[in-house]
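So that the names make sense, note that chain A is the first sequence line, chain B the second, and so on, each numbered from 1.
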Amino acid sequence: MSTPKALRQPLSLRIGSAAFLIFWCLLAAFPIFWIGVMSFKVPVDAFAPNPLDVIFGPETRARGKGLSILDIVVGLVVLWWASRIAMRQLPKLVEKYSPFGLVALGWIVAALAFGVAFVVVFFGILPPVMGFLNNITGPLGVTVLGLTTEHYVAVWVENEFWRNFMNSLIVTTGVVTISLTVGTLAGYGLARSGSNIAFWILIIALIFRALPHSVLVAGYLPVFVNSAEILRPILGESAPTLYGKPFAVIAVLVSINQPFTIWMLRSFFQNIPTDLDEAARVDGCTHFQAFRWVIMPVMWPGVITTGLFSFLLAYNDFLVTSLLLDAQNQTMVPSIVGYFNRETTTTDQVEAVAAAVSITAPLFLLVMVFQRQIVSGLTAGAVKG
Amino acid sequence: MKFRTFAAFVGPSIFLMLLFIAAPLVSVFLQSFQITQPVVETQQIETCTPGFLTQTCVTETKTVPILDEFGKIVTTTEWVGFLSYQRVLQLDRVSEAISSGQIGDILQIDFWKALRFTLTFTLITLPLVIGVGLAIAVAVNNAAKSLRGQIIFISLLPFIITPVIGSLSIYWLFVGDGIITSLMERWSGQDIAMFAQAWTIELLMLFYRVWHVAPFAFVIFYAGLQTVNQDTLESAIIDGASRWERLRYVVIPHLMPLIIFIALIHLMDAYRVFEEIVGFRSQAHVISLQWLTYDFLEPDDAGNRAISRASASAMLTMIGIVFLLVPLLRRTWRDHKGSTH
C-alpha cells in the first residue's frame with residue numbers, strides 16, 4: 001500500500017522529526033549511560049574534564065585494569081548467546097519441565113538458575129580464560145578500554161550493600177504479593193458492582209491517591225515509635241515496636257499503593273466480559289469460585305502489569321522507608337543518602353555512583369523483559385477508563 | 001452482585017485504606033493542635049571541682065526531664081490550638097515584612113519559600129510535560145515501524161528509574177567537576193557552579209522533572225494517536241487542511257481527554273515534589289512543601305522529631321490538594337450523574 005501523494009511528507013519535515021527523535025533518545029539515555037560509564041573508572045577518570053578520557057579511562061588503563069579488543073569481542077559474543085538462550089531456549093525448558101499449574105514457580109526457578117549461571121560464566125570463568133588469551137594474542141590483547149570493578153566490590157562487599165539489597169527484596173516481595181492479593185479481590189468486586197457505593201469507594205481512593213506521603217508518615221511515626229506501649233493492653237508483653245520493622249513498612253506501602261492498584265485492576269477486569277462470570281454462575285459456581293477458577297486464569301496480563309507497578313512503587317520509595325526503617329533494616333534507595341554524608345573524597349563519590357548504578361540495573365532488566373506490560377499498564381488507566 | 005459478596009471482595013482493601021490512610025489523616029489533624037513535650041523540673045545542682053585550699057563550687061539551675069520508674073522520659077500532651085500552625089506560617093514575620101515594604105523577605109521563611117517553589121514548579125512543568133510528550137509521540141508515530149520498539153524502550157528508561165537516582169544522575173553531570181559543567185566552562189571560559197544559587201538548581205529540577213515524566217505522557221499520547229479517526233483526517237485533507245491545521249483541529253481535540261488525564265496526574269505528582277531536593281541536595285537553597293514536612297519528621301541533633309510542626313505543615317499542604325481536587329471531583333460527579341440518568 002503506497003501513501004497517497006497528499007499524505008507524503010516533505011523531506012524537511014521528515015529530517016526534522018528524525019532529528020528530534022535522535023535528540024530525545026540521546027537525552028533520555030545519556031545521564032543513565034554516563035553514570036554507568038563513570039562507575040567503572042577510577043575517580044580521576046570518572047570526573048575527568050574530557051569526555052573521551054571518561055569513556056576510555058587512561059588512568060584506569062595505566063593501573064592495568066581494562067579490556068582488550070579481544071575481551072570486548074568475546075564479551076559481546078557471550079552476552080549475545082546469553083540473551084539468545086534467555087529468549088529462545090529458556091521458555092521452552094520452562095514449559096517442558098515445570099509441573100502443571102506451577103508455571104510461575106518454574107519461571108522463578110529458571111530465572112534464578114539462569115542468573116547464577118550467567119554470573120558464574122561471565123565473572124567467574126571468563127576473566128581467567130581471557131587473561132590467558134590476552135597474553136598469547138599480542139596486539140589484540142593490549143588493553144584499550146579502562147575498566148575496573150573495584151567500586152562495586154567496595155560497595156557490595158565492604159559497605160555491605162547486599163544487606164540493603166536483601167531488605168529491598170523483602171519489602172518489595174511483601175508489597176507485591178499482598179497488594180495483588182488484596183487488590184485483585186477489590187478490583188473484581190468494584191468492576192462487577194454498578195452500585196453507588198462502588199463509585200464512591202473509587203472516588204475516595206482517587207482522593208487518597210493525591211495525598212502527599214509525608215502527610216501519612218506524620219501520622220504513622222508517633223504511633224509506630226510508641227506502638228509497644230499502645231498495644232500492650234491488647235497483646236500483652238509481646239507487643240512489637242513497629243518502628244524499624246520491615247513488615248510494618250510493607251503494610252504501609254501496600255495501603256498507600258491500594259488506591260492506584262484497585263483503579264488499575266478494575267479497568268483490567270472491566271475488559272473481561274461479564275458473560276464469562278455468568279456462564280460460571282449458571283454452572284453452579286459461587287461468586288468466589290467464578291473469580292478464582294474462571295476470571296483469574298484470563299486476568300494474568302493485568303495482574304502482571306499491576307504487579308510491576310506495585311514493585312516500582314515499593315522499590316523506588318525513598319520517603320516512607322527512610323523515615324520508618326532504622327539503619328539496620330534500610331532498603332537500597334534510602335541507604336544511598338549515607339554515601340552523601342560520607343562523600344568527602346572522590347572515591348566515595350564514585351562508590352555512590354556505583355551504588356546508584358546497582359540500584360538502576362534491576363530496573364533496566366525489568367524494562368527489557370516487561371516493556372509491553374509497562375506500556376499496556378500506562379495506557380490502561382488513561383485510554384479505557 | 002449482592003451487597004454481602006461485594007463487601008467480602010472489597011473488605012480487605014477498604015480495611016487497609018481506612019487503617020493506614022484515613023486513620024493517620026485524622027491523627028495528623030489532631031496532632032497539629034497538640035504539642036507533646038517532656039515534663040521537666042528545675043534542679044539546683046552544685047558541682048564542685050577540687051581547687052587549692054578550698055574546693056571551687058558552682059551552683060547551677062538546670063532543667064532536667066523527669067523519668068518514670070522504667071527510666072523513660074515522662075511526657076505530657078497539651079492542646080495548644082493554632083500554635084504549631086503559627087510556628088510554621090510565622091505570620092508575625094510575614095506582616096512585619098509587608099508593613100516594612102520588603103515583600104521579598106517573606107520568601108526567607110521556610111514555609112513560604114517551599115510554597116513558592118512547589119507552586120511555580122508544578123505550573124511550569126505542566127505545559128512542558130504535555131508539550132514534550134506530545135512532540136515525542138507525534139515524532140515516533142512518524143518513525144519507521146521497525147524502530148518504534150527500541151525508541152519506546154529508551155524513552156521508558158527515564159520514567160522507570162528511581163526518582164532519587166534519576167536526579168542524582170543529573171546531579172553528577174552538573175556537579176563542580178561533572179562532565180557538562182566542564183564543557184560549559186570550556187565554552188564560556190568562566191567558572192560555573194550550578195549548585196551554588198537557587199535559580200540554576202531550579203532550572204535543573206525543572207529539566208529533571210520533564211525528563212522523568214515526559215515518557216509517561218508520550219506513551220499515553222502515542223496510544224491515543226493510534227485511535228485517531230482516519231476518515232476525519234482524510235476529509236480534513238480533502239478540505240485542504242495543512243499538516244499543522246490537521247494536528248491542531250483533528251488530532252489534539254481527539255487527544256483532549258488524555259491531555260486532561262495527564263494534567264491531573266501530573267498536578268498531583270508535581271505538587272508532591274520531594275525526591276529532587278534529596279537528589280540535588282538543595283535544601284540550603286530550594287525546598288518544597290513535602291520536603292518541609294519530611295524535615296520536621298527527621299530527628300534533629302538531639303534526636304527529637306517535631307511531630308506537631310510536621311502535622312501542621314502536612315495539614316497546610318493538604319489545603320493545596322483540596323484546591324487541586326475540587327474541580328476534578330465536580331467533573332467526575334457530573335459524569336457519573338450523566339451516566340446513570
Distance from A:L26 atom CG to B:I154 atom CD1, nearest 0.5 Å? 8.5 Å
Portion of A:A356 that has a non-hydrogen atom of chain B nearer than 4.5 angstrom: both
Pair count under 4.5 Å, heavy atoms only, with chain B: among A:T261, A:L221, A:I374, A:T360, highest is A:L221
Relative to chain A, which of B:I152, B:V175, B:L183 shows the most heavy atom pairs under 4.5 Å? B:I152
Any idea which of B:V28, B:I170, B:L233 has the most non-hydrogen atom pairs under 4.5 angstrom with chain A? B:V28
Criterion side chain to side chain contact (heavy atoms under 4.5 Å, CB included) against A:P31, the qualifying member of B:Y208, B:F174, B:W211: B:W211
Aromatic ring centroids of B:F20 and A:F208 under 6.0 Å? no
Can you see which heavy atom on A:G219 is nearest to which on B:Q31, and at what distance? O-NE2, 4.2 Å
Name the option with the most non-hydrogen atom pairs under 4.5 Å to chain B; the candidates are A:I201, A:L211, A:D277. A:L211
Among A:V367, A:L216, A:T184, A:V252, which residue forms the greatest number of heavy-atom pairs with chain B at distances under 4.5 Å? A:V367
Residue selection (most heavy-atom pairs with chain A, distance under 4.5 Å) from B:L297, B:T293, B:L157: B:L297
Hey, which of B:I321, B:I160, B:V26 has the most heavy atom pairs under 4.5 Å with chain A? B:I160
Looking only at atom types and distance, does a side-chain atom of A:Q371 sit under 3.5 Å from a main-chain N or O of B:L156, one as donor and one as acceptor? no
How long is the span from the OG atom in B:S169 to the CD1 atom in A:I32, to the nearest 0.5 Å? 6.0 Å
Does B:R186, at its CZ atom, have more than 12 non-hydrogen atoms belonging to other residues, nucleotides or ligands within less than 6.0 Å? yes
Do you know the tightest heavy-atom contact between A:G189 and B:F9? CA-CB, 4.0 Å
Which atoms of A:A198 are under 4.5 Å from chain B, going by heavy atoms: the side chain, the backbone, both sets, or neither? both
Rounded to the nearest 0.5 Å, how far does CZ of A:F30 lie from CG of B:L173? 5.5 Å
Should A:W34 and B:W172 be marked as a side chain to side chain contact (heavy atoms under 4.5 Å, CB included) after you check the CA-CA gap, both sets of side-chain angles, and the distance that decides it? CA-CA 9 Å; A:W34 203 251; B:W172 281 318; over 6 Å; no
Taking side chain as everything from C-beta outward and backbone as N, CA, C, O, which of these in B:F159 sits under 4.5 Å from a heavy atom of chain A? Side chain, backbone, both or neither. side chain
Structural part of B:F274 lying under 4.5 Å from a heavy atom of chain A: side chain
Residue among B:I180, B:L264, B:I307, B:V138 with most heavy-atom pairs under 4.5 Å to chain A: B:I307
For residues B:S155 and A:W24, is any side-chain donor paired with an opposing acceptor at under 3.5 Å? yes
For B:R272 and A:H213, indicate whether the former's side chain and the latter's backbone hold a donor-acceptor pair under 3.5 Å. no
Give the member of A:M368, A:R209, A:R372, A:M38 that has the highest number of heavy-atom pairs under 4.5 Å with chain B. A:R209
Beyond-backbone contact of B:P163 with A:N316, side-chain heavy atoms, under 4.5 angstrom: yes
For chain A, find which of B:L16, B:D269, B:I136, B:V10 contributes the most heavy-atom pairs closer than 4.5 angstrom. B:I136
Please give me the minimum heavy-atom distance between B:I21 and A:S255, naming the atom from each residue. CD1-O, 3.4 Å
Using the test side chain to side chain contact (heavy atoms under 4.5 Å, CB included), find all partners of B:A137 that sit at least two apart in sequence or belong to another chain. B:F218, B:F221, B:Y222, B:L225
Sort B:A135 into side chain, backbone, both or neither according to what part of it lies under 4.5 angstrom from a heavy atom of chain A. both
Take A:L319 and B:Q290 through the side chain to side chain contact (heavy atoms under 4.5 Å, CB included) test and state the conclusion after the steps. CA-CA 10 Å; A:L319 206 159; B:Q290 181 153 234; 3.5 Å; yes
A:F20 CZ: over 12 foreign heavy atoms closer than 6.0 Å: yes
Heavy-atom proximity to chain A below 4.5 Å, by part of B:I165: side chain
For A:V223, is it the side chain, the backbone, both, or neither that has a heavy atom closer than 4.5 Å to a heavy atom of chain B? neither
Pick whichever of A:L323, A:L312, A:V357 has the most heavy-atom pairs under 4.5 Å with chain B. A:L323
A:F224: what forms a ring-ring contact (aromatic ring centres under 6.0 Å, His included) with it, not counting sequence neighbours? A:Y220
Most heavy-atom pairs under 4.5 Å with chain B, out of A:A218, A:P222, A:S214, belong to A:S214
For B:I151 and A:C25, which heavy atoms make the closest approach, and how far apart are they? CG2-SG, 4.0 Å
Contacting moiety of A:P334, where chain B heavy atoms sit under 4.5 Å: neither
Candidate pair B:F6 and A:I197, rule side chain to side chain contact (heavy atoms under 4.5 Å, CB included), full reasoning: CA-CA 10 Å; B:F6 175 68; A:I197 307 174; 4.2 Å; yes
What's the shortest heavy-atom distance between A:L363 and B:I161, and which atoms? CD1-CA, 4.0 Å
Testing the basics here: between B:M17 and A:I262, what is the closest heavy-atom pair and its distance to 0.1 Å? CE-CD1, 3.8 Å
